[in-house]
Every structure is written in structure tokens, then in C-alpha cells.
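Structure first, then comments.
So that the names make sense, note that chain A is the first sequence line, chain B the second, and so on, each numbered from 1.
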Amino acid sequence: MGSVILDQLKRDRILDLLKEGKRVDGRALEEQRQLSIETGVIPKANGSARVKLANTEVITGVKIQPDKPFPDLGDKGILICTAEILPLADPNVEPGPPTEDVIELARVVDRGIRETEMIDLHQLVLKENKSVIGLFIDSSIINADGNLFDACSYASVAAILSCTVPKYEIKDEAPVLVEGVTSKAPVQTLPVSVTMARIGDYIVVDPTTEEEACMDSRITITTNSEGNICALQKGGSNGFTVDQLVRCSEIALSVGTKIRKRLEQLMQDGKE
Amino acid sequence: MGSVILDQLKRDRILDLLKEGKRVDGRALEEQRQLSIETGVIPKANGSARVKLANTEVITGVKIQPDKPFPDLGDKGILICTAEILPLADPNVEPGPPTEDVIELARVVDRGIRETEMIDLHQLVLKENKSVIGLFIDSSIINADGNLFDACSYASVAAILSCTVPKYEIKDEAPVLVEGVTSKAPVQTLPVSVTMARIGDYIVVDPTTEEEACMDSRITITTNSEGNICALQKGGSNGFTVDQLVRCSEIALSVGTKIRKRLEQLMQDGKE
Amino acid sequence: MGSVILDQLKRDRILDLLKEGKRVDGRALEEQRQLSIETGVIPKANGSARVKLANTEVITGVKIQPDKPFPDLGDKGILICTAEILPLADPNVEPGPPTEDVIELARVVDRGIRETEMIDLHQLVLKENKSVIGLFIDSSIINADGNLFDACSYASVAAILSCTVPKYEIKDEAPVLVEGVTSKAPVQTLPVSVTMARIGDYIVVDPTTEEEACMDSRITITTNSEGNICALQKGGSNGFTVDQLVRCSEIALSVGTKIRKRLEQLMQDGKE
Amino acid sequence: MTQLMTEDGIRCDGRRVDELRNISIKVGVLKNADGSAYIEFGKNKILAGIFGPRDVHPKHMANQDTGILRCRYHMSPFSVTERKNPAPSRREIEISKVIKEALQPALILKDFPRTVIDVFVEVLQADGGSRCAALDAAAVALADAGIPMRDLVSACAAGKVADRIVLDVNNEEDQEGQADMPVAMMPNVGKITLMQLDGILTPEEYKTCLQTAIGGCKRVYEIQRKALMEKYFQNGEQ
Amino acid sequence: MTQLMTEDGIRCDGRRVDELRNISIKVGVLKNADGSAYIEFGKNKILAGIFGPRDVHPKHMANQDTGILRCRYHMSPFSVTERKNPAPSRREIEISKVIKEALQPALILKDFPRTVIDVFVEVLQADGGSRCAALDAAAVALADAGIPMRDLVSACAAGKVADRIVLDVNNEEDQEGQADMPVAMMPNVGKITLMQLDGILTPEEYKTCLQTAIGGCKRVYEIQRKALMEKYFQNGEQ
Amino acid sequence: MTQLMTEDGIRCDGRRVDELRNISIKVGVLKNADGSAYIEFGKNKILAGIFGPRDVHPKHMANQDTGILRCRYHMSPFSVTERKNPAPSRREIEISKVIKEALQPALILKDFPRTVIDVFVEVLQADGGSRCAALDAAAVALADAGIPMRDLVSACAAGKVADRIVLDVNNEEDQEGQADMPVAMMPNVGKITLMQLDGILTPEEYKTCLQTAIGGCKRVYEIQRKALMEKYFQNGEQ
């Protein structure tokens with residue numbers, strides 16, 4: 001293969017640059033790539049968004065439909081986030097059931113939205129224990145260039161913010177659509193995830209595929225509008241020191257604040 | 001392998017014969033193989049048929065049972081056609097989930113019956129939106145020698161014609177069998193599919209496995225009793241000219257008429 | 001590989017010993033290995049047991065919950081036995097869907113309990129045709145050293161004997177737990193399976209993995225408290241003579257009687 | 001609840017306790033298979049087709065030292081009262097295994113290293129005793145494929161119905177009777193290669209039931225033999 | 001029930017019987033793919049991405065004598081009214097097959113033995129005629145990937161609505177109309193490479209419908225060509 | 001709704017905020033595995049078994065340059081309140097991945113190219129913190145298998161309950177508390193190798209919670225060490 005040697009050379013080059021405070025694509029260590037957020041891209045969905053983090057690109061759609069609640073969670077609506085790396089997004093991805101990487105991705109996105117309590121699920125109950133409203137938030141990654149976590153997370157949040165929630169009523173024990181009446185999703189806070197990679201002793205924000213290939217470990221931290229830390233996932237085959245973990249939480253808060261402002265704008269204006 | 005050379009030799013030989021208006025098994029180009037249709041071969045099924053197109057042989061059984069209607073189709077009964085090439089039918093078939101070829105086969109058979117509106121599905125409703133009668137028309141191919149489309153299609157149609165439909169009534173919200181009362185299936189028209197292969201500039205009806213192995217493309221056209229064209233599927237890794245497609249539709253109508261006479265006999269007499 | 005030669009050498013050695021009435025581990029031919037049965041090992045389950053047959057070790061848990069009855073079996077509760085050879089139990093086992101060996105294992109254990117009518121399933125009906133109690137008896141094999149049949153069977157029976165069955169009542173058409181009221185499982189008889197291997201002309205009871213690797217064939221016979229033969233399964237790629245089959249039934253009865261005494265003790269005392 | 005036996009010992013389908021259902025076997029019914037047979041055994045209608053010895057796919061399953069035997073017992077969706085899902089059930093997987101192990105002693109797989117013999121059984125209509133009928137067809141199909149065999153394998157169930165031991169349990173008897181014991185044997189070698197039991201038998205009944213099943217196997221053997229003779233000798237072939 | 005056509009022959013979306021929906025195609029929209037295109041065809045929004053010719057995995061699928069073509073047509077869960085399960089449905093598997101067979105005549109796979117060309121199509125939003133739109137995007141994406149082609153493949157459906165033959169059937173017309181006939185062709189070679197029909201047509205209508213669809217394909221071809229020109233020539237590239 | 005803490009800071013299971021549940025570890029409990037351990041951590045009952053370094057199946061997964069690590073975290077159907085389907089859930093697949101990544105830094109896989117080390121964890125009874133307990137057992141089992149390690153891996157969760165940071169969150173606290181933060185570390189190397197968080201913490205609480213978890217890991221480490229010592233030195237083995 002020779003790939004081991006090549007990988008090592010790439011890592012050396014990236015580390016050399018990091019020592020000078022630089023990255024391959026010219027960014028500062030704690031700088032995100034160019035982020036664009038566009039909503040309403042899938043008019044047939046109840047909500048949708050297209051997010052680009054430079055070359056990483058994802059489209060998320062929200063489908064809203066009545067469902068049965070989970071057992072023992074009869075007083076809450078349903079919220080499910082999924083993700084798929086489309087095979088056209090990455091030459092190394094093959095069609096088939098989700099890999100462990102994709103399952104982790106979807107679950108981290110899901111927890112970021114769930115644990116911050118972004119949506120008040122209690123407001124999505126039609127009849128307790130019998131019928132609730134379900135939000136299915138599906139992300140299709142159409143080009144993969146690193147940090148799928150944040151791209152899917154921002155796209156999911158933006159898609160929810162853009163949602164038009166149809167009204168359902170219970171008639172004869174069954175939920176019936178009330179035509180022409182809609183509302184916004186009951187949003188309580190704005191979760192923002194920030195993903196960082198550790199390469200040697202350096203923490204870089206929003207890693208590219210190239211950086212992910214030679215990183216030691218990865219961390220995704222999601223914060224809410226109140227400046228709290230609400231969800232966290234360490235990944236990758238090495239670890240972090242405690243100091244690094246504290247530093248990462250600070251970066252997540254500061255970078256997150258900038259992103260949140262853009263999402264707030266989106267929420268108020270219906271567009272950026 | 002050498003199989004490429006062999007395949008080419010076989011194709012050359014078949015084409016040489018076609019130039020003289022002949023086929024390997026002595027048939028004319030637009031001549032079907034010997035067709036036999038036998039019904040009632042699986043007495044435990046509600047309807048059944050065994051069809052042979054020379055060495056291609058299929059057994060189809062119909063099971064009729066109450067079911068829930070599809071959402072948004074609450075005023076229609078259920079009709080589902082499936083097919084399996086049994087592994088004993090073909091040395092190249094392996095047990096396992098259906099391949100794309102088998103899925104196409106089943107869906108083409110299904111559409112031939114569905115699109116001609118052979119069965120009046122509105123008559124199969126027990127209680128609108130709640131309970132309907134389902135017809136499951138399953139074809140087991142027991143020897144494969146080409147043109148599985150027509151063999152499964154004729155067997156499915158004949159099995160439906162031979163059906164004894166049990167009577168169900170709604171009691172306490174649930175369908176209950178009424179013993180001893182049966183009827184025929186509500187048949188409105190007789191769909192007949194005709195499958196043709198293009199080999200070079202020649203169109204041959206009812207291709208064998210040998211002919212399919214060297215054909216350019218394939219077409220299945222289903223017509224109804226009124227002489228209309230109701231379903232069509234082009235297959236194979238090459239195409240047709242417009243003239244060929246018009247010619248194919250004429251062949252489908254003329255060959256179909258002969259087959260339909262035999263099916264009408266079957267419908268009237270309960271046997272050929 | 002050379003494994004064929006090695007296997008043959010092992011078989012020769014085992015057969016040589018058998019001629020002298022001995023086995024590799026020093027047992028007599030009709031002697032079981034050291035059996036230990038411990039119940040209540042999984043307090044969160046409704047019943048549980050850990051069984052060791054020397055190095056073969058299994059943990060069985062019983063979960064009891066309301067369920068819908070099977071169609072046409074509306075007057076009976078549900079009983080389902082499963083088994084999994086955990087990948088940590090055996091270097092040759094890989095994670096994944098159950099193999100044919102494991103499916104046979106689970107079904108033989110299931111039939112031993114079902115066919116002896118150990119549990120009066122009629123007593124597990126909450127509302128006929130609508131709601132019944134289900135017993136899910138799942139065995140996890142944690143170390144495999146032959147004769148998984150008997151280990152799983154004893155563990156399943158012991159776990160059932162140790163069960164605390166919660167009480168359910170029907171309210172508003174749905175089963176509701178009645179807190180604080182429990183009963184024993186409605187046990188009618190004690191099934192005991194005895195598994196034997198034929199190696200050459202010898203029948204050995206409770207074969208080890210080593211013996212199974214060179215046996216000709218296998219038989220599992222389950223008897224009930226009344227001394228009847230209630231379930232039987234021949235396995236392995238060779239056969240038995242009629243005399244051997246009669247002899248096996250006698251061994252199953254005599255060895256089974258000893259095991260049953262221990263299970264009866266367990267039933268009366270709640271422990272051995 | 002059907003009455004399974006009259007006071008005169010006549011069973012629900014009119015048979016006596018020691019009577020087989022009608023059995024007919026046709027050999028060589030499939031064009032593509034290397035060997036095949038079709039059996040009607042009571043209301044059972046079952047096809048068996050053989051491929052092999054042939055190369056193994058996937059290759060890593062091949063064994064350098066011996067041929068391998070694979071078996072698939074499968075029921076068509078329309079073969080039973082309630083439509084069967086076409087995906088293999090746990091029951092079908094278990095029966096595939098016991099059929100394979102019942103046929104294996106009759107074959108000399110060591111003579112065909114690195115190859116596989118595939119036995120495919122399709123139950124077109126199921127009645128009581130379908131695994132025995134499937135085995136009877138499969139054994140004949142193996143012979144039709146020209147595969148060297150130590151002996152045929154002949155199968156028949158016995159059971160207990162209305163407190164009596166009966167030969168060849170039918171569907172109603174299987175559902176509502178007291179015991180069902182499918183048995184397969186190599187009739188000339190005298191070895192039992194398949195045996196199962198569901199139900200309750202005294203030790204004495206167990207022996208009687210086994211002997212009754214063996215009697216059935218031997219009668220099935222004659223029918224199998226005749227079917228092969230008809231194909232290979234009466235027609236003047238071979 | 002929507003009224004599908006006014007007395008003046010105006011369709012439910014305002015089009016005349018021979019009018020296409022709006023179509024726009026962008027070439028080279030995906031960074032990682034070897035070639036790509038994005039099409040909006042009415043309300044259809046579809047991406048196509050190409051990888052290859054490249055090594056085949058798993059290796060045993062490779063063919064020594066020719067390259068192979070694989071195709072996946074897939075719908076995002078949010079692409080249709082009721083959320084779609086992400087696992088491939090039987091419908092998606094069939095459409096993948098007919099799309100593959102529609103593209104294959106345009107390729108010269110023999111020139112790339114032992115390799116595969118992968119065509120991945122993702123339907124982000126589905127409207128009537130998604131398989132035709134998918135094909136239109138896939139053909140352009142193949143060209144964008146620099147894969148030698150005998151011709152483009154251009155696809156468009158025709159159908160029968162309110163007793164009239166119409167071009168480019170939309171979603172409502174597909175659901176409630178009388179016939180839908182998707183057609184794909186190599187416009188310069190003059191060969192039809194995909195054709196399906198669901199619905200009821202007289203023989204005369206069949207011919208008219210086919211000609212109508214072909215007319216649509218030719219207009220789609222111009223749009224495809226223009227999209228490729230825009231990328232490769234107007235921008236001064238190549 | 002359980003009351004999770006009394007006014008005196010006593011938790012629902014009687015512990016103080018900085019108190020671990022009872023932990024016991026037994027080493028070498030499985031005969032067939034190359035290394036194994038059994039842990040009881042509160043009501044968690046978990047087995048870990050190790051095979052390897054050994055050949056990789058399927059072979060194409062082997063890596064010429066390094067050994068690989070595989071991990072399966074699995075729950076027995078009877079391990080939780082409502083019977084669990086035996087097929088692996090998405091949750092189990094994610095936990096398998098984070099456990100694998102938590103153990104990997106402690107191993108020197110480069111020394112075992114072309115091989116695999118398999119870590120199989122079975123949760124026989126689950127309580128809060130099962131992934132930490134699983135890791136604790138797995139690390140000890142790796143040591144028991146004689147696999148060279150840079151350090152042990154010790155895991156323990158902290159969390160927030162009734163507005164206080166607590167050590168070692170139990171099941172009720174996990175369900176109804178405010179935050180759960182599982183942490184794993186190499187105690188001598190001082191590296192955190194697993195960290196997750198579900199719940200809401202202020203930045204200050206985040207630091208306290210992390211330090212609390214680390215304190216727990218260190219106490220777990222002593223228990224792991226003692227368990228290994230007991231097997232390898234007190235019994236006079238090695």
C-alpha cells in the first residue's frame with residue numbers, strides 16, 4: 001500500500017503547520033470553515049435546510065406526522081434524527097445498512113437536539129399515551145469533507161426552525177389533519193454543536209477529511225442558548241488531557257455563540 | 001473463462017438462423033412455445049395453476065385473507081404478486097433475498113394484472129378504510145428456461161380465474177369467515193403479456209434462456225380483452241427503434257389474442 | 001490443515017478409552033459431568049438461573065409481560081425459548097444472526113418444555129383471543145464445552161421454577177399491572193432432557209466439545225415427571241440402530257430421574 | 001375438535017391405524033436439475049432437485065478433505081392454510097438441518113473433496129409429515145442425479161392418536177393428536193438417520209411407535225425403489 | 001379528485017398538453033464525485049454522482065472481459081409526502097435496474113475491463129417522472145465524469161390524461177390520470193433505451209404517446225447539451 | 001417520580017454524593033476466552049471476554065501494518081426491565097464503538113500486524129453506568145489475556161442530580177436526573193479516552209463533574225488492580 005507512509009507524511013506536514021499556528025487551508029486553529037445555511041430547500045418537506053461547511057454539504061428534511069408514543073413516554077411527542085452519507089458524497093462509502101460511524105453520527109446529532117430540550121415534546125401530544133406528533137429529521141450528506149457532525153447538526157436545527165407544523169385533532173380515536181392551520185415548532189433553545197480534533201497537542205475546530213485522517217481524537221460539544229454544556233461525545237482512537245477537555249468546552253461556547261446568532265436571525269426572519 | 005468467445009459463437013449461430021427466418025428450436029420468430037395451463041393443482045390454495053412454456057414451468061397459488069387496506073387506498077382490496085425462482089429451477093440461482101431480476105419480474109407481473117384492472121378491487125372491501133380482502137398471488141418457478149415473465153403472468157391470471165373467494169363479514173369490528181359461501185373473483189378483463197427479445201434486427205417471441213443470453217434487449221407488453229395496451233416494460237442492456245416498438249405492440253396484440261381465447265375457455269369451463 | 005489427521009487421532013484415542021469403559025475426563029459412559037444449578041442470579045428478571053455442566057455454563061433469564069396471543073391460539077399464553085452462544089463463550093462463534101445449530105438448540109429446548117406441557121398455558125390468558133401473558137425464556141451461553149442442549153434445558157426449567165409471575169388485569173381493554181401481587185408459574189411437570197453421543201458402538205451421556213467433535217451422532221431425549229418420553233431430537237451426520245435408540249431412552253429415563261430430584265428440591269425450597 | 005378415531009379404529013381420513021396415505025413418486029421431473037423427484041404423500045406435494053457435486057460458492061466454504069452437503073427445505077407461500085412469508089422461518093431452517101443430517105450417512109462425500117451437493121426441497125402443498133415426504137423425494141432425487149449412495153433413505157412418521165399408536169400421522173392428527181414421531185432410515189443398512197418426537201409416550205409406546213415408523217419406512221422404500229425402476233428400467237433407459 | 005384538465009386543454013399545473021415543466025440542470029455540483037449533475041424537473045430535485053471507472057469491490061464481481069455498470073436510484077426520507085423508510089424499496093430496486101439498462105447502451109464498457117462505473121442517484125424531492133429526471137441527470141453526470149459515450153441519454157414521459165395524450169406527466173396526473181409512459185432514448189442514435197407503461201392505451205394512442213415522449217426527450221436533450229456547454233465552454237474550461 | 005436526594009444529601013440508594021456503588025471484579029472467569037473478567041458494579045452484572053491477537057476473518061479486513069481491535073457490547077434479552085430484542089440496537093452499536101475507542105489508546109496494536117483482538121462484552125443485568133462498568137471489565141480482561149498495555153483503562157460516570165454533582169450515577173438518577181457524564185481514562189498516563197455527556201451543565205459544573213468522574217475512575221482503578229493482583233499474585237500464579 002504505502003498508505004501508512006503517506007499518512008505519516010501528511011500528518012508531519014499538518015503538524016509542522018500547526019506549530020506555526022496555521023492549517024492546510026489557511027484557517028486559524030479555532031476558525032470554522034465558511035458556513036452557509038439555506039432553508040426551505042425541499043418545499044414538500046415540513047421543514048428543510050441545506051448547510052455547507054465549505055465542501056461538506058448536507059440536506060436535511062423534516063417530516064411531521066402523527067404516531068404512537070413510545071411506551072412509558074406517553075406524554076411526549078417523538079423526535080428522531082437520522083443521517084445517511086449518500087454514496088455520491090464520498091468515494092469510500094458503499095450503499096447498505098448504516099455503519100457504526102453513521103450510527104454514531106446520527107445519535108450525536110439526535111442527542112444534541114434532545115438533551116438541550118430544543119423542542120418542547122410535551123406540546124406534541126394529541127392524546128396522552130395514544131397519539132402524538134412525530135418529527136423525523138433526516139439528513140442526507142451529499143458531499144463529505146470532514147466534520148459531518150456539525151454540518152448535520154446545524155442543518156437539523158435550521159430545518160426544525162423552518163418547520164411548518166400541521167395541526168391534528170383526534171376524531172373517533174384517530175388523528176385527523178386540520179387543513180390550513182399550522183404553527184411553528186415549539187422551540188425552547190438553540191443547540192449548537194462544535195466539533196474539534198486533537199492533532200498532537202493542538203486543538204483544531206471543524207476538521208476537514210484530511211485533518212480527520214491524521215487526528216488523534218475528536219470531540220463534539222453541544223451548548224444551548226443559556227451558555228450551558230448539554231451534550232458531548234469523544235471519538236477517535238486516542239484521548240484528551242483534562243486541560244484539553246476544559247479548553248474544548250471553552251472553544252465550544254465561544255464558537256457556538258457566533259453560530260447561534262446566525263440561527264437566531266434565521267428564526268426571527270425566516271431566513272438569514 | 002472463454003465464455004465470452006462461446007457466447008459470441010452462440011449469438012452468431014442464432015443470428016445466422018434468424019436470417020433464414022428460423023430459430024434454434026425450430027419455431028417461427030413470432031411463435032410461442034408449447035403452452036400448457038392446468039388449474040387447481042394446489043387444492044389447499046384458494047386458486048392455483050401450473051403453466052408450462054415448454055421447459056419453463058411455474059406454479060402459482062392464490063391465498064385470500066382479510067387484511068388492512070393500504071393508507072389512502074381504503075376503498076380497495078389488496079392485490080400483491082410475488083415470484084421466486086426456486087433454486088431447484090436453475091443451477092445459477094442461489095437461495096436468499098430476491099435479486100433485482102426477480103423483483104422486476106414480480107413487479108411486471110403485478111402491474112400487468114393491476115394496470116389492466118383485471119380484478120375490481122372495489123368489490124373486495126369489507127369495511128372502508130378498516131378491513132378489506134387481500135389476494136396474494138405467489139409464483140414459484142420450478143424450471144427456468146427463459147421468458148419467466150409470460151409464464152408467471154399466465155399462471156397468475158389462470159390461478160385468479162380458478163379462485164374460490166371465501167365470504168367474510170364484519171362482526172365486532174373484525175372480519176369473520178362465513179362458512180360455505182364462496183364466489184368467483186370479480187374479473188373485469190383478461191390481461192395477456194407477450195414477451196419478445198430483440199436479437200440484432202430480429203424480434204422473437206417467447207425467448208428461451210439461450211436466446212435471452214445473447215439478446216440485445218427485451219420487451220414485455222400486456223394487453224387487455226378490449227385490445228388495448230396496458231402495461232409495458234423494456235429490459236436488457238440495449239434498446240429498440242421506434243419502428244420495432246410499434247411492431248412489438250402489434251405482435252403483443254395478435255399473439256395475446258390467441259392466449260386470451262384459451263384463458264376465456266378456462267374461465268367459462270373451469271378448465272381448458 | 002492436517003486437522004483431519006488430528007481429528008482422526010483424537011477419535012482413535014477416545015475410542016480406545018471407551019473400549020475400556022473410560023472417558024477422557026475420567027467419567028463413566030453414562031455419567032453426567034458435575035452439575036450446578038443456581039437460581040435468582042438476575043434479580044431484574046422475573047426468573048433466572050445459572051447452570052454449569054463442568055465447563056459448559058449458561059445463564060437463563062425469564063421475562064414475563066402481557067402480549068397478544070397467536071392467531072388460533074387465543075386460549076393459551078405465550079412461551080418462547082431462545083438461545084445465543086455468546087461470542088465470548090467460544091473462539092469459533094462469531095457475532096451475527098443465529099446459525100442453524102443455534103436455531104436447532106433453541107427449538108429443542110423449547111419443545112422439551114412445550115411438549116411435556118410443563119406450564120399450563122391456559123392459566124396465562126387475560127382475555128381470550130385478545131390478551132395473554134407471555135414468558136420469554138432466553139438463554140445466554142457464556143462458556144461452551146459441549147452439550148449445550150442439556151445446560152440450556154436445565155437452566156430454562158430452573159429459571160421457570162424460580163419465577164415470580166406478576167399479576168395483570170384487563171382495564172379499558174388493556175392489561176394493567178397489579179402492583180404487589182405475584183404467583184408462581186403454573187408448573188404441571190418437570191421436563192428433563194438427557195443428551196447422548198454415539199461414538200462407534202458406544203453411547204456416552206453429556207458429551208464434551210471434544211467428544212462432540214468426533215461423535216457419529218447425537219440424541220436428546222426429554223422425559224417428564226411421570227416417566228414418559230415427550231420430546232426427542234436426533235442430530236449429527238450419522239445414525240443409530242433401533243437397539244441403540246431403545247437403550248438411549250432407558251438412559252434418558254434413569255439419568256433424568258436423578259436430575260429431576262434436584263429440580264424438585266429447587267421447586268420446593270426455592271433453592272437447592 | 002375433530003373426532004380423530006372411530007370406535008372401530010378408523011381414522012379421520014378413513015385409514016386403519018397401520019395404513020399409509022397414498023404415495024406416488026415421479027423421478028426426473030425437472031429439466032435443469034442434475035436429479036429430481038416429485039412426491040405426493042397424502043396431500044403433501046413436494047419437489048426435490050439436486051445440483052452437484054459441483055464447485056462451492058462462496059469458495060471459502062469448500063473443504064479440501066471432503067465434499068459437503070447443503071440442504072434447503074422451503075415452503076411456497078401458498079403451501080399452507082395461512083399464507084407463509086417467503087423468507088425462511090426458524091422451523092424451515094431446523095428441518096433443513098435434520099434432513100441434511102438424515103441424508104448424509106447415505107452419501108460418500110469423502111469421494112468428492114472440494115465440492116458441494118445441493119439438495120433443494122420445495123413444499124408446494126403441506127400436509128402432516130412433510131419433512132418425511134421431503135426426505136423420501138430428496139433421496140430418490142439424489143439417486144436420479146447419479147450420486148453414489150450406500151443406501152436409499154426412507155422416511156415415515158408414526159404417532160399416537162386417540163390412545164393408539166398409528167402409522168403416518170396426517171395433518172389433523174399432528175395438530176390434535178398425542179404424539180408425532182418422524183423417522184428416517186437407511187432400510188438396507190438398518191440405521192435410523194432422522195428421528196424426532198413431539199408428544200407424550202410411555203417407554204412401551206415409544207418402542208412400538210418406533211417399530212411402527214420403521215415398518216412405514218420399509219413400505220415407502222418399496223415405493224421409492226419402484227419409482228426409480230420405472231424411470232431407469234421399464235422405459236428401457238440406462 | 002383534482003380536475004386534471006380544463007375544457008380549454010389546460011392542465012392542473014397550467015401547462016398545455018405538449019408543454020414540458022421547467023427544467024434546469026447544473027453540471028459538476030459535487031466535489032468528491034468524478035462527475036455530477038443536479039436537475040430540477042418540475043418539482044423533482046435530483047442529484048446524480050458518478051464514480052469510475054474504478055476497481056470493483058467485492059473483487060469477485062469484476063469481469064475480465066468488460067467493465068460493469070452499477071446504478072442506485074434512492075429517495076431521501078423527506079422526498080415524498082409520507083416519510084420514506086431509508087432502506088431501498090422494491091420500487092427503488094426496479095427503477096435502479098431500468099435506469100442502468102437505459103444508460104448502458106450509451107457506454108462503451110468493453111473498453112474498461114475489470115472496472116466498475118457507479119451511478120448514484122438521489123431523489124431529494126420527488127414529483128411525477130422522477131425516473132426520467134434521474135436519468136437525465138445521470139447521463140449528464142456521466143459526461144461530466146469524462147466517460148466516453150456513444151450518445152447522451154434523454155428521458156421524458158408522456159401519458160394520457162382526461163382522454164388526451166399529454167407530454168411530461170406530473171404527480172397528480174400520474175396518480176389520477178389514465179396512463180404514464182416513461183421513455184428514454186439516445187437522441188442521435190435514435191434508440192429507445194427505457195420504456196415502461198402503466199395505464200390503458202389504444203394501439204393508436206400508444207403510437208402517439210410514444211412519439212410525444214420522443215418529442216419531449218429531444219427537448220430535454222437540448223437542455224442537457226446546454227448545461228454541459230455552459231460548464232465546459234462558456235466558462236472557458238477544457 | 002422518585003425523590004432523588006434527601007435534604008441531607010443522601011441519594012435514593014442511600015449513598016452520599018461522592019460515594020461509589022459496590023464494585024467487585026473477578027478475573028479469569030471464562031474457560032474458553034483468552035482473558036476474561038466479571039464485574040458487578042451496583043446492580044450491573046457484566047462479563048468481558050477477550051480473544052486474540054488472532055487471525056482476522058474475513059481476511060480482507062486484516063491490516064498489514066497494524067493489529068485491529070473489535071468490540072461488541074451486547075445486552076442479554078433479560079438484562080433490562082422490558083425484554084430486549086437480541087439483535088444489536090443502534091445504542092449497542094454506538095456503545096461498542098466508544099468502548100473500542102476508549103480501550104485502543106491503551107493497546108500497542110502496531111506490534112501485532114495482520115491480527116485482531118476481539119473484545120466481547122455481555123451485559124447480563126443492566127443498571128445505570130453499564131458502559132463504564134463494561135469498560136472496567138474489558139480492560140481487566142485484556143490484561144488477563146496477557147496483551148501488552150500502556151496502562152489500564154478505568155471508567156466511572158459522574159452527573160448532576162437534584163442540582164448537585166454526584167459520583168457514579170445509578171439507574172434512577174440516569175432516568176430522572178439532570179446530567180450523566182461517563183468518563184474513562186488511563187489513570188497513570190492521565191488521558192481521558194471516553195467521555196460523553198447527556199444533560200445540562202454550566203461550564204463550572206462541567207469542570208466539577210469531570211473532576212468528580214476522574215476521582216471515581218481512580219478509585220475504580222484500585223479495584224481493578226486488586227482484582228488482577230488477587231488472581232496473579234495472591235494465588236501464587238504466574
Side-chain angles (χ1 to χ4, degrees), chain A residues 1-5 7-8 70-72 80 82 97-108 110-112 114-117 189 191 198 216-224 226-246 248-250 252-254, chain F residues 63-66 68-72 81-82 88-98 100-107 109-110 113 151 153 160 175 178-186 189-207 209-211 213-214:
Chain A
M1 295 271 151
S3 71
V4 173
I5 294 169
D7 284 352
Q8 190 53 49
F70 288 115
D72 299 332
I80 290 174
T82 78
T99 61
E100 63 172 26
D101 287 347
V102 171
I103 287 171
E104 184 190 29
L105 167 60
R107 286 177 59 86
V108 167
D110 188 286
R111 283 205 295 268
R114 189 181 303 281
E115 295 299 331
T116 51
E117 297 175 5
T189 193
R198 178 174 75 76
D216 295 288
S217 43
R218 196 196 67 227
I219 193 163
T220 300
I221 300 180
T222 304
T223 57
N224 68 6
E226 290 69 39
N228 295 316
I229 296 165
C230 304
L232 181 154
Q233 180 93 343
K234 177 258 162 186
S237 54
N238 208 315
F240 288 93
T241 64
V242 174
D243 286 349
Q244 286 165 343
L245 290 171
V246 171
C248 286
S249 72
E250 292 162 357
L253 282 163
S254 67
Chain F
N63 187 326
Q64 297 302 311
D65 298 308
T66 180
I68 59 174
L69 178 65
R70 290 190 297 212
C71 181
R72 176 179 114 133
T81 308
E82 186 143 352
S89 66
R90 292 167 65 90
R91 178 182 170 275
E92 284 167 292
I93 292 170
E94 185 202 344
I95 294 182
S96 298
K97 180 175 190 287
V98 295
K100 179 182 69 184
E101 294 176 340
L103 293 170
Q104 197 157 334
L107 300 175
L109 294 170
K110 296 267 178 201
D151 197 350
V153 176
K160 183 177 172 189
Q175 301 289 310
Q178 293 155 292
D180 181 29
M181 181 195 274
V183 169
M185 72 186 300
M186 293 195 284
V189 172
K191 224 176 224 172
I192 309 293
T193 64
L194 175 141
M195 186 173 172
Q196 296 180 292
L197 168 66
D198 289 337
I200 300 182
L201 296 177
T202 65
E204 236 5 87
E205 287 170 340
Y206 167 78
K207 287 176 221 169
C209 201
L210 177 53
Q211 289 298 351
I214 288 169

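- With rounding to the nearest 0.5 angstrom, the CD1 atom of F/I95 is 11.5 Å from the CD atom of A/E104.
- F/Q64 is not listed as a side-chain neighbour of F/P113, based on a closest heavy-atom distance of 4.5 Å or more.
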Determine whether F/K160 and F/D180 satisfy the following criterion, salt bridge (charged side-chain N to carboxylate O under 4.0 Å, His left out), listing intermediate values before the conclusion. CA-CA 7 Å; F/K160 183 177 172 189; F/D180 181 29; over 6 Å; no
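- For the set A/Q244, A/K234, A/E250, the count of heavy-atom pairs under 4.5 angstrom toward chain F peaks at A/K234.
- Residue A/S217: no heavy atom, backbone or side chain, is found under 4.5 Å from chain F.
- Using a 4.5 Å cut-off between heavy atoms, F/L194 touches chain A through its backbone atoms (N, CA, C, O) alone.
- At a 4.5 Å heavy-atom cutoff, the contact between A/N224 and chain F is made by side-chain atoms alone.
- Not counting sequence neighbours, the partners of A/E117 by the side chain to side chain contact (heavy atoms under 4.5 Å, CB included) test are A/Q188.
- Contacts between A/L245 and chain F at a heavy-atom distance below 4.5 Å involve backbone atoms as well as side-chain atoms.
- Sorted by first and then second residue, the salt bridge (charged side-chain N to carboxylate O under 4.0 Å, His left out) pairs with a member in residues 191-200 of chain F read A/R111-F/D198; sequence neighbours excluded.
- A side-chain N or O of A/E226 and one of A/T189 form a donor-acceptor pair less than 3.5 Å apart.
- Interface residue F/I214: only side-chain heavy atoms are found under 4.5 Å from chain A.
- The choice from A/T223, A/I229, A/I221, A/T241 that makes the most heavy-atom pairs within less than 4.5 Å of chain F is A/I229.
- When each of F/E94, F/R91, F/E82 is checked for heavy-atom pairs under 4.5 Å with chain A, F/E94 comes out on top.
- Most heavy-atom pairs under 4.5 Å with chain A: of the set F/L201, F/V183, F/L103, this distinction falls to F/L201.
- A salt bridge does not link F/R72 to F/E92: none of the charged side-chain nitrogens sits closer than 4.0 Å to a carboxylate oxygen.
- Within the 4.5 Å cutoff, the side chain of A/T222 has no heavy atoms near those of the A/E115 side chain.
- In terms of non-hydrogen atom pairs under 4.5 Å with chain A, the most contact-rich of F/A179, F/G199, F/P182, F/P203 is F/G199.
- Of the two parts of F/E205, neither the backbone nor the side chain holds a non-hydrogen atom closer than 4.5 Å to a non-hydrogen atom of chain A.
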